[in-house]
Amino acid sequence: MTEGPNRQHVLDFLDVLYSGDVEATLERCTDDIEFLANAPIDILPHMGHRRGKAEMREMWDAVRARYSELRCEVPMLVVDGDKAAAFIRVFFRKSINQRMVQFDVAGFYTLRDGKISQIREVIDTFDLVQQLLERDVAAILTGRRPDPI
């Protein structure tokens with residue numbers, strides 16, 4: 001397994017992304033950047049498939065509009081050549097009511113010439129949707145009464 005500078009490229013990318021500097025984040029991406037996260041786009045319209053810097057800017061601007069604070073922790077990052085896989089714990093503070101949403105992301109990155117060219121994210125969207133809606137979605141789907149908090 002070889003890490004080379006790509007480990008630091010991914011860490012720098014994540015640091016700048018979660019700091020909220022969209023333009024600096026885009027500088028760390030190739031012009032043909034491609035993003036894919038399987039997510040319910042009715043609830044998370046900024047997710048799904050994106051291609052190119054303009055679409056990435058639009059997505060990241062939408063995230064910044066919804067959340068007043070973003071941060072992440074990267075407890076695990078594995079790099080092999082131009083491929084990287086990261087376990088990322090994400091914290092978003094909702095702008096509407098200041099509640100903190102916490103979820104985990106498995107991020108898979110491909111790099112080209114030191115820049116991110118592909119991003120694939122796997123998220124437990126069921127848990128994320130429950131936190132965003134502030135509802136026990138399982139109780140709604142099964143018809144059982146939610147447990148009192």
With the side chain counted from C-beta on, respond yes when [X] and [Y] share a heavy-atom pair under 4.5 Å apart, and no when they do not.
X: I88; Y: D104; answer: no
X: H9; Y: I116; answer: no
X: R120; Y: E34; answer: yes

Residues E55, H49; criterion side chain to side chain donor-acceptor pair (under 3.5 Å); working and verdict: CA-CA 9 Å; E55 289 185 11; H49 184 246; 5.8 Å; no
Residues which pass salt bridge (Lys or Arg N to Asp or Glu O under 4.0 Å) with E69, listed by chain and number, not counting sequence neighbours: R71, R93
For the hydrophobic clusters of this structure (ILVMFWY residues joined by side-chain heavy atoms under 4.5 Å, transitively), does one cluster hold both L36 and F103?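 No.
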Quick one: do V78 and F87 end up in the same hydrophobic cluster if we chain Ile, Leu, Val, Met, Phe, Trp and Tyr together by side-chain heavy atoms under 4.5 Å apart? yes
Which atom names give the shortest non-hydrogen contact between Q102 and F91, and what distance separates them?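 Distance-wise, the nearest heavy atoms are OE1-CE2, 3.3 Å.
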Closest heavy-atom pair and its distance - V79, N6: CG1-CB, 4.0 Å
Just say parallel, tilted or perpendicular for the rings of Y18 and F92, cut-offs at 30° and 60°. tilted
So, taking the atom named [atom1] in [X] and the one named [atom2] in [Y], what distance separates them when rounded to the nearest 0.5 Å?
X: S68; Y: I96; atom1: OG; atom2: CD1; answer: 11.5 Å
X: D80; Y: R7; atom1: CG; atom2: CZ; answer: 13.0 Å
X: D15; Y: R28; atom1: CG; atom2: CZ; answer: 8.0 Å
X: C29; Y: I119; atom1: SG; atom2: CD1; answer: 5.5 Å
X: R50; Y: F35; atom1: CZ; atom2: CZ; answer: 8.5 Å
X: K115; Y: F13; atom1: NZ; atom2: CZ; answer: 12.0 Å

Are side-chain N/O atoms of D32 and T30 paired as donor and acceptor at under 3.5 Å?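 Yes, T30 and D32 have a side-chain donor paired with an acceptor closer than 3.5 Å.
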Please tabulate, for side-chain N and O atoms in residues 56-67, each donor-acceptor pair with protein atoms closer than 3.5 Å (sequence neighbours left out).
from: R57; atom 1: NE; to: E23; atom 2: OE2; distance (Å): 2.8
from: R57; atom 1: NH2; to: E23; atom 2: OE1; distance (Å): 3.2
from: R66; atom 1: NH1; to: I43; atom 2: O; distance (Å): 3.4

For T110, does its backbone N or O pair with a side-chain atom of S117 as donor and acceptor, under 3.5 Å? yes
Tracing side-chain contacts under 4.5 Å among Ile, Leu, Val, Met, Phe, Trp and Tyr outward from V16 reaches none
Would you call K53-D31 a salt bridge at under 4.0 Å N-O? yes
